[in-house]
Amino acid sequence: MAPQREIRILDNSEDLFQAAAVDFAALATEAVRQTGRFCVALSGGSTPKGLYSLLADDVVPSIPWGRICFFWGDERHVPPDNPESNYAMAYEAMLSKVPVRLQNVFRIHAELKDADAVAVSYEQDLRTFFNLRPGEFPRFDLVLLGLGPDGHTASLFPGTTALHEKDRLVVANWVEKFKAYRFTLTLPVLNQSACVMFLVSGKEKSEILREVLENPSADLPSQKVRPADGRLLWLVDRVAASALSHQTKDTARPANF
Ligand code: 6PG
């Protein structure tokens, strides 16, 4: 049965990041209590930077930084010091400021020229870390995702081959509009996770958010993210939610965090 998606509408982006930070801390604490570690796949783009900075500012106490294992949901085909790098953004906003163990930071080695080699090596990192047998998929405790203006998420863009991947964990996905490869976790991996949290902020996302949440036949990549046995959280701010129907807004959980 498809998971019940949870939609939360926060008054503004500050409240959105605060709510996400509280959830991040609660999920981390619970996972560490249960398994001794918290495995999270970080999102790229600009939206999550607000969350990463807030987490680094220690606004939410007692985050078990030493027990958190960091992965990425996707990456651009650039070296880690490139301003386009999702790793670089998370490092500057958070990882360089908090007591994480460097051996627990698993970035995508996107500096390699051979795009397939990048994807194969990261898949091997995941298979080793999660001690997977052939055919098994990793279960992240939390996957952070954004929503692109075309309905893409991670680097799963409309009309691209990665959307049809059933076996691989990570692929090099050619994105024609960028004339470049992007590296991305595949849908089977995203849908194996215990919790997926979409962060969506800004007026420019209002139309695509309405399409994703209210038009099932749109067949957009972000609509294909449905954890089989996990939570699906949509944390959105009020301007991003401005095009949603009253019916959808009524299903949204009040913004108390
Ligand atoms: C990336 C992301 C991508 C992002 C969306 C939204 O590498 O760009 O992982 O999926 O989440 O494009 O980006 P913004 O948050 O910048 O709007």
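One-based numbering, in listed order, for ligands and for the atoms of each. Fair warning: this is a prediction, and the values are worked out from it, not measured in the lab.
Ranking the protein heavy atoms by distance from atom 13 (O) of ligand 1 puts G45 CA, 4.0 Å first. The nearest protein atom to atom 16 (O) of ligand 1, hydrogens excluded, is given as S46 OG, 2.6 Å; this is a heavy-atom distance.
Of the options L147, T47, L145, N86, the smallest heavy-atom separation from atom 6 (C) of ligand 1 is shown by L147. Within the set G44, G148, S85, the minimum heavy-atom distance to atom 4 (C) of ligand 1 is found for G44.
Figure legend: cation-pi geometry between R67 and F38 absent, as NZ or CZ is not positioned both under 6.0 Å from the six-membered ring centre and within 45° of its axis.
When only interatomic distances are considered, the shortest N/O to N/O separation between T153 and ligand 1 does not fall below 3.5 Å. Of the polar atoms of A154, at least one N or O is found under 3.5 Å from an N or O of ligand 1, judged by distance alone. Any N or O atom pair closer than 3.5 Å counts here, and S155 shares no such pair with ligand 1.
Taking the six-membered ring where the residue is Trp, the centroids of F130 and F137 are separated by 6.0 Å or more. Between Y122 and F129, the ring center distance fails the sub-6.0 Å criterion.
Side-chain contact of D237 with S13: a donor-acceptor pair under 3.5 Å is absent, judged by distance alone.
At least one heavy atom of K205 sits closer than 4.0 Å to an atom of ligand 1.
Between the side chain of K97 and the main chain of E92, a donor-acceptor pair closer than 3.5 Å is present. Using modelled atom types, no side-chain atom of Y87 and backbone atom of E75 make a donor-acceptor pair closer than 3.5 Å.
Less than 4.0 angstrom separates some heavy atom of R76 from each of these atoms of ligand 1: 1 (C), 7 (O), 8 (O). Every atom of ligand 1 with a heavy atom of H152 under 4.0 Å away is listed here by number and element: 3 (C), 5 (C), 10 (O), 12 (O). The ligand atoms of ligand 1 that sit less than 4.0 angstrom from a heavy atom of R182 are 1 (C), 7 (O), 8 (O). Close approach of ligand 1 to D74 (heavy-atom distance below 4.0 Å) involves ligand atoms 1 (C), 2 (C), 7 (O), 9 (O). Annotation for ligand 1: atoms under 4.0 Å from non-hydrogen atoms of G146 are 11 (O). In summary, the atoms of ligand 1 found under 4.0 Å from a heavy atom of S43, numbered by their order in the structure, are 11 (O).
Within 6.0 Å of the CD atom in Q247, the count of heavy atoms belonging to other residues, nucleotides or ligands does not exceed 12.
For R127, the salt bridge (Lys or Arg N to Asp or Glu O under 4.0 Å) partners two or more places apart in sequence, or in a different chain, are E123.
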Given N215 and S217, is the side-chain hydrogen bond (donor to acceptor under 3.5 Å, both in side chains) satisfied, shown in steps?
CA-CA 5 Å; N215 178 10; S217 61; 2.7 Å; yes
